[in-house]
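Structure record follows, encoded as structure tokens.
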Amino acid sequence: DSTLQVTSIENSDSVFVVNPSSFSVLPGESAIVTVTFTPVYSGTYIDSLTISSNDPRKPKLIVHITGIIQPDAAPIITSPEKIPAMANQHLAYVATATDVNDDLLTWKFDQLPCWLSADANRVFGTPIGGAMNTSFRAIVSDGDLSDTIVVIVIVRPANIDRKSVV
């Protein structure tokens, strides 16, 4: 048995970087070769690694490689677009969204009525008696793309005890 000499590992697409590109391996041992995938744009990249060595049975070995980068997708709001509220009772709305790219999501709320406040992905407050149905906008962003919904708040009057007082 003799030492395997890998004299080169070559490929044509620069989005794949091979390290090391040459090395020696003693009989019964192994070597680790790292292929780093560094594309700039989304899409599917296909290439081949041509491994040249002193192996008398296979002096050239071709390994096919594929790298896929999904295009950035906008987050999708999954929380309800209509919420009930009772006058004089605390309301808490938690906005939720999914993002197929697992990006960090940030929330913004605008057009809030005066009795609602927002913090992170929450809207909360207490509608005062006589408050009318209202709405606000919920906007989620992954830093590049966003989704927006109009949330309708249906305010019901507080239950009034109509028993006569004696």
Side-chain angles (χ1 to χ4, degrees), residues 1-85 90-113 115-125 134-153:
D1 291 350
S2 64
T3 300
L4 175 67
Q5 298 288 333
V6 175
T7 55
S8 69
I9 302 177
E10 298 174 338
N11 64 298
S12 60
D13 195 332
S14 63
V15 300
F16 297 103
V17 177
V18 179
N19 189 27
S21 60
S22 64
F23 52 91
S24 299
V25 181
L26 295 172
E29 293 192 4
S30 61
I32 295 175
V33 174
T34 303
V35 179
T36 305
F37 180 53
T38 57
V40 176
Y41 302 105
S42 61
T44 300
Y45 296 80
I46 300 171
D47 200 358
S48 297
L49 301 178
T50 302
I51 304 169
S52 301
S53 73
N54 65 346
D55 184 336
R57 290 173 289 176
K58 271 209 168 176
K60 286 211 185 284
L61 175 67
I62 296 178
V63 177
H64 300 284
I65 56 176
T66 302
I68 300 172
I69 293 295
Q70 298 292 334
D72 192 16
I76 299 171
I77 296 175
T78 57
S79 45
E81 294 183 35
K82 191 180 282 189
I83 54 174
H90 184 75
L91 165 72
Y93 174 81
V94 178
T96 57
T98 59
D99 186 78
V100 297
N101 304 104
D102 289 325
D103 294 321
L104 177 66
L105 301 179
T106 56
W107 288 90
K108 179 179 155 190
F109 300 95
D110 65 10
Q111 301 173 357
L112 290 169
W115 57 270
L116 280 176
S117 299
D119 181 36
N121 68 328
R122 296 180 48 239
V123 172
F124 51 90
T134 188
S135 65
F136 61 88
R137 288 187 338 148
I139 304 143
V140 65
S141 173
D142 65 7
D144 293 318
L145 302 170
S146 63
D147 188 21
T148 303
I149 63 170
V150 174
V151 178
I152 299 170
V153 182

Whether [X] side chain and [Y] backbone form a donor-acceptor pair below 3.5 Å:
| X | Y | answer |
| --- | --- | --- |
| Asn101 | Ala73 | yes |
| Asp72 | Ser42 | no |
| Asp47 | Asp13 | yes |
| Asn121 | Ala95 | yes |
| Asn19 | Thr34 | no |
| Ser8 | Glu10 | no |

Once you round to the nearest 0.5 Å, how far does [atom1] of [X] lie from [atom2] of [Y]?
| X | Y | atom1 | atom2 | answer |
| --- | --- | --- | --- | --- |
| Leu49 | Ser12 | CG | OG | 9.5 Å |
| Asn11 | Ile62 | CG | CD1 | 12.0 Å |
| Tyr45 | Ile69 | OH | CD1 | 7.5 Å |
| Lys108 | Ile139 | NZ | CD1 | 5.0 Å |
| Ser146 | Ile76 | OG | CD1 | 12.0 Å |
| Ser24 | Asn54 | OG | CG | 8.0 Å |

Problem - side-chain contact (heavy atoms from CB on, under 4.5 Å) against Thr7, all qualifying residues, sequence neighbours excluded - result: Ser52
Mind listing the closest non-hydrogen atom pair of [X] and [Y] along with its distance?
| X | Y | answer |
| --- | --- | --- |
| Trp107 | Ala120 | CB-O, 3.3 Å |
| Leu105 | Ala97 | CD1-CB, 4.0 Å |
| Pro75 | Asp142 | CD-OD2, 3.8 Å |
| His64 | Ser48 | ND1-OG, 3.0 Å |
| Ser135 | Ile152 | CB-CA, 4.2 Å |
| Thr38 | Ser14 | OG1-O, 4.3 Å |

Practice task
Quick one: which residue pairs count as a ring-ring contact (aromatic ring centres under 6.0 Å, His included) with a foot in residues 14-34, not counting sequence neighbours?
Solution key: Phe16-Phe37
Would a 4.5 Å heavy-atom cut-off, applied to side chains only, mark [X] and [Y] as touching?
| X | Y | result |
| --- | --- | --- |
| Thr50 | Lys60 | yes |
| Arg122 | Val94 | yes |
| Leu116 | Leu91 | yes |
| Gln70 | Ile68 | yes |
| Thr134 | Trp115 | yes |

Practice task
Take atom CG of Leu26 as the centre, draw a 6.0 Å sphere, and report whether it contains more than 12 heavy atoms from other residues, nucleotides or ligands.
Solution key: yes
Exercise for the section: Show your reasoning for whether ring-ring contact (aromatic ring centres under 6.0 Å, His included) applies to Phe136 and Tyr93. Expected result: CA-CA 12 Å; Phe136 61 88; Tyr93 174 81; 5.7 Å; yes
Problem - Donor-acceptor side-chain pairing of Thr96 and Thr78 below 3.5 angstrom - result: yes
Exercise for the section: Under the side chain to side chain contact (heavy atoms under 4.5 Å, CB included) rule, what do Val15 and Tyr41 come out as? Steps first, then yes or no, please. Expected result: CA-CA 10 Å; Val15 300; Tyr41 302 105; over 6 Å; no
Problem - Evaluation steps, side chain to side chain contact (heavy atoms under 4.5 Å, CB included), between Val150 and Arg137 - result: CA-CA 5 Å; Val150 174; Arg137 288 187 338 148; 4.1 Å; yes
